[in-house]
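Reading through the structure tokens given below for one structure.
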Amino acid sequence: MPTIDTSDERVAAAIAEQQELRARVRLHDDYSELQLVAGVDAGFEADGTLIRAAVVVVRLPDLAPVDYALVRQPVTFPYVPGLLAFREAPAIIAAIRQLRTTPDLIICDGHGIAHPRRCGIACHIGVLLDLPAIGCAKQRLIGRFTEPLPERGDRSPLYDGDDLIGWVVRTRATARPVFISPGHRVSLERAPDLVMACTTRFRLPEPTRLAHRLASHDDAPLTSDSPPLL
DNA sequence: GCGACAG
DNA sequence: ATCTTGTCGC
């Protein structure tokens, strides 16, 4: 396990940039008709020297995929907890810009404000593109919570001290919960509902699930149902 | 000093 | 994130 050199110039610059992006984050609902929702994710190739960013846009309320894009770039930043965006956001943003459509909302694989400096990858991407964004992570980064009840839709608040920074949501009965927090132009109150509106029978919301498949497995039918290929 | 630590 | 089949539990 490599030690994280917090004195590294790039790390210091990244943290400084997060402080600036953080000031631009807006946590009120700022969107009209949510019709196109994008899911983004990243995978790696060539021994981890290439990042592969995928974005899939689905249409509400049927969640049918209507657009997608795939971008490959050299990896330029190591994985550092709290600085994930500096490793993945550049490629993801490039992929979103390749779309022929402009999504009304972006669901990211990672956190929004549930972050040490309240600037997770969902905030980062949302602010830079000035588009509504939500973070939907599979694991906790920071915050305290109690295990939510086992039914689909059950949730419990995620706190950092006295601050409510997100929710731990059971998107599927008995499955491990996901961590939802607003990234930009979405409120803490509405974030969970927007994610649930994009979730069917799987743990992850459709946009994210499809983007994940596109980013990892080379082939990947863009059909919302059909069990995972494997 | 000892853990914790998105993907 | 990634290396990887069958198997156990809901």
Side-chain angles (χ1 to χ4, degrees), chain A residues 1-6 8 11 14-15 18 21-22 39-55 70-93 95 106-126 133-145 147-152 154 158-161 165-183 191 195 201-205 208-209 211-218 227-230:
Chain A
M1 294 309 189
T3 301
I4 299 170
D5 180 8
T6 27
D8 184 278
V11 169
I15 290 176
Q18 281 188 328
L21 290 176
R22 169 189 191 173
V40 299
D41 189 32
F44 296 85
E45 299 178 355
D47 266 321
T49 60
L50 284 183
I51 181 169
R52 175 166 154 150
V55 51
L70 198 51
V71 160
R72 299 164 65 169
Q73 292 182 356
V75 166
T76 62
F77 206 92
Y79 169 68
V80 179
L83 298 179
L84 175 67
F86 293 85
R87 178 177 172 78
E88 303 187 347
I92 290 173
I93 289 174
I106 301 171
I107 297 181
C108 304
D109 190 15
H111 296 281
I113 64 171
H115 176 279
R117 290 170 292 283
R118 304 291 185 272
C119 193
I121 192 169
C123 300
H124 194 108
I125 292 174
I134 295 175
C136 181
K138 298 181 292 299
Q139 301 271 314
R140 182 197 76 101
L141 175 57
I142 64 164
R144 300 188 45 171
F145 67 95
E147 190 71 10
L149 293 176
E151 296 307 306
R152 169 185 157 81
D154 287 333
L158 180 63
Y159 293 108
D160 180 18
I165 58 175
W167 305 89
V168 184
V169 182
R170 194 81 70 180
T171 50
R172 173 184 180 161
T174 73
R176 283 177 299 141
V178 295
F179 298 76
I180 300 172
S181 62
V195 171
R201 62 169 163 146
F202 302 102
R203 180 166 86 115
L204 298 180
T208 301
R209 199 176 70 81
H212 190 305
R213 291 172 56 183
L214 193 54
S216 48
H217 300 290
D218 243 291
L229 21 58
L230 270 184

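Below, chains carry the letters A, B, ... as their sequence lines are ordered, and counting in each starts from 1.
Here Tyr79(A) counts as stacked on dG7(B): its ring centre is under 5.5 angstrom from the base ring centre and the planes meet at under 30°.
Within the 4.0 angstrom heavy-atom criterion, only backbone atoms of the sugar-phosphate kind lie near Asp41(A); the bases stay farther away. As judged by a 4.0 angstrom heavy-atom cut-off over every strand, Ile142(A) is placed among residues making no nucleic acid contact. Contacts of Gly82(A) with the nucleic acid, taken as non-hydrogen atoms under 4.0 Å apart, include base atoms. Heavy atoms of Gly120(A) sit under 4.0 angstrom from at least one base atom.
For residues 167-182 of chain A, the salt bridge (Lys or Arg N to Asp or Glu O under 4.0 Å) pairs, not counting sequence neighbours, are Glu147(A)-Arg170(A). Residue pairs meeting the salt bridge (Lys or Arg N to Asp or Glu O under 4.0 Å) criterion with at least one partner in residues 113-125 of chain A, sequence neighbours excluded, are Arg118(A)-Asp160(A), Arg118(A)-Asp163(A).
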Base-pair map of DNA chain C as dot-bracket, where | denotes pairing with a different strand and pairs are Watson-Crick or G-U under 3.5 Å: ..........
Strand DNA chain B as a dot-bracket string - pairs counted if Watson-Crick or G-U with both distances under 3.5 Å, | where the partner lies in another strand: .......
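Taking atom CG of Leu83(A) as the reference point, atom C1' of dA1(C) lies 16 Å away to the nearest angstrom. Computed from coordinates, the Phe77(A) CZ to dA6(B) P distance equals 15 Å when rounded to whole Å. Atom pair Arg117(A):CZ and dA6(B):P shows a separation of 13 Å (rounding to whole Å applied). Taking atom CD1 of residue Ile51(A) and atom C1' of nucleotide dT2(C), one finds them 13 Å apart after rounding to whole Å. Taking atom CG on Leu50(A) and atom C1' on dA1(C), their separation rounds to 14 Å, with Å as the unit. Atom CZ of Phe86(A) and atom P of dA6(B) are 17 Å apart (whole Å). Atoms NE2 (His115(A)) and C1' (dC5(B)) sit 11 Å apart, rounded to a whole Å. In this structure, the CD1 atom of Ile134(A) is 21 Å from the P atom of dA6(B), given to the nearest Å.
The salt bridge (Lys or Arg N to Asp or Glu O under 4.0 Å) check on Arg72(A) picks up Glu45(A), with sequence neighbours excluded. Annotation: side chain to side chain contact (heavy atoms under 4.5 Å, CB included) contacts of Val71(A) (sequence neighbours excluded): Gln73(A), Ala94(A), Ala95(A), Gln98(A). Remark: Ala137(A) engages His111(A), Phe179(A) in a side chain to side chain contact (heavy atoms under 4.5 Å, CB included) (not counting sequence neighbours). Under the rule for a salt bridge (Lys or Arg N to Asp or Glu O under 4.0 Å), the partners of Asp109(A) that lie at least two apart in sequence or sit in another chain are Lys138(A). For His124(A), the ring-ring contact (aromatic ring centres under 6.0 Å, His included) partners are Phe86(A), not counting sequence neighbours. Under the side chain to side chain contact (heavy atoms under 4.5 Å, CB included) criterion, Ile125(A) pairs with Ala89(A), Ile92(A), Ile93(A), Ile96(A), Ile106(A), Cys108(A), Ile121(A), Leu129(A), sequence neighbours left out.
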Worked verdict on Val55(A) versus Val40(A) for side-chain contact (heavy atoms from CB on, under 4.5 Å): CA-CA 4 Å; Val55(A) 51; Val40(A) 299; 3.8 Å; yes
Audit row: Ile142(A), Ile165(A), side-chain contact (heavy atoms from CB on, under 4.5 Å) steps and yes/no: CA-CA 9 Å; Ile142(A) 64 164; Ile165(A) 58 175; 3.9 Å; yes
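Taking side-chain N and O atoms only, Lys138(A) has no distance below 4.0 Å to OP1 or OP2 of dA6(B).
Listed for the Arg22(A) side chain is no donor-acceptor partner under 3.5 Å among the backbone atoms of Ile113(A).
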What nitrogen or oxygen pairs link the protein and nucleotides 7-10 of chain C at under 3.5 Å?
residue: dC10(C); atom: O3'; partner: Thr174(A); partner atom: OG1; Å: 3.3

Scan nucleotides 2-4 of chain B against the protein and return all N/O pairs shorter than 3.5 Å with their distances rounded to 0.1 Å.
residue: dA4(B); atom: O3'; partner: Arg140(A); partner atom: NH2; Å: 3.3

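A 4.5 Å side-chain heavy-atom check between Thr171(A) and Leu204(A) finds every atom pair outside the cut-off.
Atom-to-atom distance recorded for Arg87(A):CZ and Ile51(A):CD1 is 6.5 Å, nearest 0.5 angstrom.
Gly126(A) approaches Ala133(A) most closely through the heavy-atom pair CA-CB, 3.9 Å.
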